[in-house]
Colleague: 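Quick one: the structure is below, and I'll ask about it shortly.
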Amino acid sequence: MSVDQAYTASEPGAAIANKRTEFMIKGGMNREQAIQRMKYYISEVFETLEINDNVSGWYRTIWNEEEYKGRGTIRSRVEIKEVPDNGDGKLKYKFLLQSQISTISDPKDEDYHDWDRVLKKYVKLVTDIRSLVGE
């Protein structure tokens with residue numbers, strides 16, 4: 001029996017995989033500072049932003065795809081959306097780490113489905129972003 005490389009390269013991620021996490025920005029940090037820090041950090045892990053909308057506060061990376069022999073392809077991306085002010089004057093964002101898998105060779109978008117695991121290199125993204133800019 002061979003080792004499942006995708007399984008060993010990942011961790012259970014039911015708490016963070018494909019779940020939106022909301023966090024409030026630290027007091028004293030303005031919108032531009034928060035956005036700049038988040039985008040810089042994300043660009044260190046993901047190469048390119050697919051959506052970079054400063055007006056609406058919406059940022060999404062391209063999919064990072066990794067193939068694992070005998071298992072298929074795992075793809076991951078991050079999405080950050082600014083939460084509209086509900087009158088409390090607090091700046092908030094929603095963070096989403098998408099993790100999907102396909103067992104088909106040369107998969108198309110419709111061949112992927114959500115995966116409840118997260119590649120180890122992305123596990124700390126939520127906590128790192130929160131500690132970088134969040135309360």
Colleague: Could you tell me which residues satisfy ring pair (Phe, Tyr, Trp, His ring centres under 6.0 Å) with Tyr122, sequence neighbours excluded, listed by chain and number?
Modeller: Phe46
Colleague: Look at atom CD of Glu110 and say whether more than 12 heavy atoms of other residues, nucleotides or ligands are closer to it than 6.0 Å.
Modeller: yes
Colleague: For Ser10, does its backbone N or O pair with a side-chain atom of Arg117 as donor and acceptor, under 3.5 Å?
Modeller: yes
Colleague: Any chance the side chains of Gln100 and Asp114 put a donor and an acceptor closer than 3.5 Å?
Modeller: yes
Colleague: If hydrophobic clusters are built by linking Ile, Leu, Val, Met, Phe, Trp and Tyr wherever their side-chain heavy atoms come under 4.5 Å apart, do Tyr93 and Ile51 end up in the same one?
Modeller: no
Colleague: Please indicate whether Glu79 has more than 12 foreign heavy atoms, meaning atoms of other residues, nucleotides or ligands, lying under 6.0 Å from its CD.
Modeller: yes
Colleague: Taking Ser102 for the side chain and Thr73 for the main chain, is one N or O donor matched with an acceptor at less than 3.5 Å?
Modeller: no
Colleague: Within the supplied structure, the quantity of interest is the number of heavy atoms (other residues, nucleotides, ligands) at a distance under 6.0 Å from Lys39 NZ; does it exceed 12?
Modeller: yes
Colleague: Identify, with sequence neighbours excluded, every residue that meets salt bridge (charged side-chain N to carboxylate O under 4.0 Å, His left out) alongside Asp85.
Modeller: none
Colleague: Tell me, yes or no, whether the heavy-atom count around Lys120 atom NZ, taken from other residues, nucleotides or ligands under 6.0 Å, exceeds 12.
Modeller: yes
Colleague: With a cut-off of 6.0 Å (strictly less than), are more than 12 heavy atoms of other residues, nucleotides or ligands near NZ of Lys90?
Modeller: no
Colleague: Main chain of Pro12, side chain of Asp116: is a donor-acceptor contact present, judged purely on distance under 3.5 Å?
Modeller: no
Colleague: Determine, for Arg60 against Glu50, whether the closest basic-nitrogen to carboxylate-oxygen distance falls under 4.0 angstrom.
Modeller: yes
